[in-house]
2 protein chains.
Amino acid sequence: MPQDFTLVWTRLAEQRRRQALSVEQIVAVAIRLADAEGTQALTMRRVATEAGTGTTSLYRYVTNKDELLELMVDAVQGEREWPTPSGDWRADLTVVADGMRATMLRHPWLATELRSRPTLGPNALRQADFALAAAGGATDDITLASALLGTVANYVHGAVLAELSEREDVRSTGMTQDEWRSAVSPYVREVIIDSGNYPRVARRIFEADDLSHDQQFAFGLECVLAGIEKSVAR
Amino acid sequence: MPQDFTLVWTRLAEQRRRQALSVEQIVAVAIRLADAEGTQALTMRRVATEAGTGTTSLYRYVTNKDELLELMVDAVQGEREWPTPSGDWRADLTVVADGMRATMLRHPWLATELRSRPTLGPNALRQADFALAAAGGATDDITLASALLGTVANYVHGAVLAELSEREDVRSTGMTQDEWRSAVSPYVREVIIDSGNYPRVARRIFEADDLSHDQQFAFGLECVLAGIEKSVAR
DNA sequence: TACTAAGTGGGTACAGTGTTCCCAAGACGG
DNA sequence: CCGTCTTGGGAACACTGTACCCACTTAGTA
């Protein structure tokens with residue numbers, strides 16, 4: 001356990017002698033780069049080049065690549081303005097969920113970079129505060145409120161991850177979903193359909209309609225909220 | 001769009017001339033390594049050493065590290081035996097959810113490695129078939145069944161990710177959750193509590209009880225299932 | 001049985017990665 | 001105006017995935 005443990009956020013407040021750059025600039029550059037070209041393009045060298053500085057100079061502003069990512073995560077969560085809670089907890093939690101999803105979709109690297117230990121940055125805290133306010137509309141029991149908020153957050157996280165990794169697959173394989181399906185269809189026909197080993201998978205492939213991601217997300221969120229309503233009404 | 005596109009699973013069936021190793025052995029070694037030392041220790045060189053072979057020899061069995069991961073994902077999903085669906089869809093979906101969670105907890109790298117395009121390996125297909133059977137107990141509409149299954153899967157994925165990344169944080173920082181809390185408590189006191197900017201976060205920190213991961217997971221799953229029940233009963 | 005072709009194991013090498021170590025140059029307090 | 005501290009940033013290191021190549025073993029054929 002390191003004794004010289006200092007949080008990023010305290011160090012941010014300290015002002016420094018001179019600055020050719022600022023942490024904010026670096027973070028902004030990194031976000032722009034990751035948005036445009038994905039996580040794999042986010043190297044310290046690329047960030048430095050994009051920021052017009054030397055690679056190792058970045059380490060004057062940021063101790064780690066991990067720390068840079070932590071700053072990026074918080075910065076991005078500050079893009080959204082949260083309204084004052086309406087008091088209708090279902091509507092408020094929907095705002096939270098939609099907002100989280102929108103942010104993660106806008107910054108495709110965010111979902112995979114989210115860690116559990118709550119980011120203690122100002123923006124993440126503001127979001128957490130609004131989310132807790134929304135959940136607080138459903139119950140006064142703060143333990144229950146934070147449990148049900150966790151449920152919503154977990155669902156949103158999982159749903160967005162599924163949505164994003166489909167996108168990511170399209171990018172990495174260079175095939176759209178339909179192209180991929182037709183490419184694997186001979187294998188699918190032989191192994192899944194003709195073998196008869198996976199009857200419901202087969203039926204699913206043939207008969208199920210594809211919901212759009214919006215529909216799938218809304219359906220799942222509706223389930224979660226309905227379940228919460230029931231567990232709160234007790 | 002590559003024309004020479006061949007699935008891993010077809011290539012696996014082809015038998016080869018001689019084999020000092022087998023794909024199965026390599027995959028098993030890789031899984032053991034990743035389980036024990038985490039994703040960051042999973043390098044081709046380590047796998048090769050552990051398997052007692054040269055690094056580049058692995059590429060005779062596996063075209064990519066990504067492909068190795070895909071094989072690992074499927075292999076791990078074959079550890080669990082699925083029962084025959086009981087017909088009680090709530091119980092069956094609970095079995096699915098608990099099983100997915102248990103597998104992901106046993107292999108901490110799995111959750112972050114899951115991709116959306118369904119793994120077409122035999123084990124993943126068997127799991128999907130059971131899961132669809134479970135969901136099919138709730139409704140005959142296959143589109144609805146697969147939507148609600150997706151909701152469960154998304155929730156489970158998100159919940160386990162939260163659970164795992166907490167563990168991962170403990171490993172990477174070398175501090176337990178409690179140690180970390182007391183380490184950041186001065187900052188928390190100043191920025192969150194005393195500033196008064198985040199009243200519900202403050203209240204949460206002081207008053208909320210910590211649910212165990214089992215409790216949190218069960219609570220969330222209960223919400224999801226209750227919501228599904230309502231959306232199906234319509 | 002001898003020869004050829006193909007497939008296998010694996011060393012070397014390369015382009016990149018995050019990060020540490022240094023040093024020169026500039027900014028600040030006295 | 002000087003000495004000290006802080007910056008910017010180049011060189012270098014340990015490490016990654018993997019393409020290329022070569023010697024060698026095997027399988028099939030003459």
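Since we're looking at a predicted model, the values are computed, not measured. Numbers restart at 1 for each chain; the letters A, B, ... are given by sequence-line order, proteins then strands.
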- Query: What parts of residues 35-42 of chain B reach DNA chain C, counting only heavy atoms under 4.0 Å away?
  - Reply: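 Those residues whose heavy atoms fall under 4.0 Å from DNA chain C, taken from residues 35-42 of chain B, amount to none.
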
Without decimals, in angstroms, what is the distance between [X] [atom1] and [N] [atom2]?
X        : N       : atom1 : atom2 : value
Leu58(A) : dT17(C) : CG    : P     : 13 Å
Arg11(A) : dT6(D)  : CZ    : P     : 15 Å
Tyr61(A) : dG8(D)  : OH    : P     : 3 Å
Ile26(B) : dT8(C)  : CD1   : C1'   : 12 Å

- Task: Considering only NZ, NE, NH1 and NH2 on the basic side and carboxylate oxygens on the acidic side, decide whether Asp210(A) and Arg181(A) come within less than 4.0 Å.
- Result: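 Yes, this pair counts.
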
- Does the pair Glu67(B)/Arg11(B) count as a salt bridge with the N-to-O cut at 4.0 Å?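 Yes.
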
- Task: Give a yes or no answer on whether the side chain of Gln216(A) reaches the backbone of Ala147(B) with a donor-acceptor pair at less than 3.5 Å.
- Result: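 The answer is yes, because a donor-acceptor pair under 3.5 Å joins these two groups.
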
- Just by modelled atom types, is the Ala97(A) backbone N or O under 3.5 Å from a matching donor or acceptor in the Tyr155(A) side chain?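 Pair absent, no side-chain N/O of Tyr155(A) close to backbone of Ala97(A).
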
- Item | Distance below 4.0 Å between Ser57(A) side-chain N/O and dG9(D) OP1 or OP2 |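 Affirmative; the distance criterion is met.
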
- Message: I'd like to know if the side chain of Trp109(B) pairs up with that of Asp35(B) as donor and acceptor (distance under 3.5 Å, no hydrogens or angles considered).
- Response: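 A donor-acceptor contact under 3.5 Å links the two side chains.
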
- Message: Could you measure the distance from the CD atom of Glu50(B) to the OG1 atom of Thr43(B)? Nearest 0.5 Å is fine.
- Response: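 If we round to the nearest 0.5 Å, Glu50(B):CD and Thr43(B):OG1 are 9.5 Å apart.
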
- Count the heavy atoms belonging to other residues, nucleotides or ligands that lie under 6.0 Å from CZ of Arg204(A), then report whether that count exceeds 12.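 It does not: Arg204(A) CZ has 12 such atoms or fewer within range.
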
- Message: Tell me if the CD atom of Glu190(A) is crowded by more than 12 foreign heavy atoms within 6.0 Å.
- Response: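 No, the 6.0 Å shell around CD holds no more than 12 heavy atoms from other groups.
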
Close N/O contacts between protein and nucleotides 18-20 of chain D (under 3.5 Å):
from, atom 1, to, atom 2, distance (Å)
dT18(D), OP1, Asn64(B), OD1, 2.9
dT18(D), OP2, Tyr59(B), OH, 3.0
dT18(D), OP2, Lys65(B), N, 3.0
dT18(D), O4, Arg45(B), NH2, 3.4

- Message: Using a heavy-atom cut-off of 4.0 Å across all strands, would you classify Thr43(A) as base, sugar-phosphate, or nothing?
- Response: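 Here Thr43(A) touches the backbone only, sparing every base.
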
- Measure the angle between the two terminal helix axes of the helix from dA6(C)-dT25(D) to dG30(C)-dC1(D), five base pairs each, and quote it to 10°.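 Rounded value for the end-axis angle: 10°.
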
- State whether Tyr198(A) and Arg126(B) meet the cation-pi test: NZ (Lys) or CZ (Arg) under 6.0 Å from the six-membered ring centroid, and within 45° of the perpendicular axis.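 No cation-pi geometry.
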
- Would you check if Gln25(B) and Ser22(B) make a side-chain contact, meaning some heavy-atom pair closer than 4.5 Å?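 The answer is yes; the side chains approach within 4.5 Å.
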
- Please report the shortest heavy-atom distance between Met104(B) and Ala111(B), naming the atom on each side.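 So the two residues come closest at SD-CB, 3.8 Å.
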
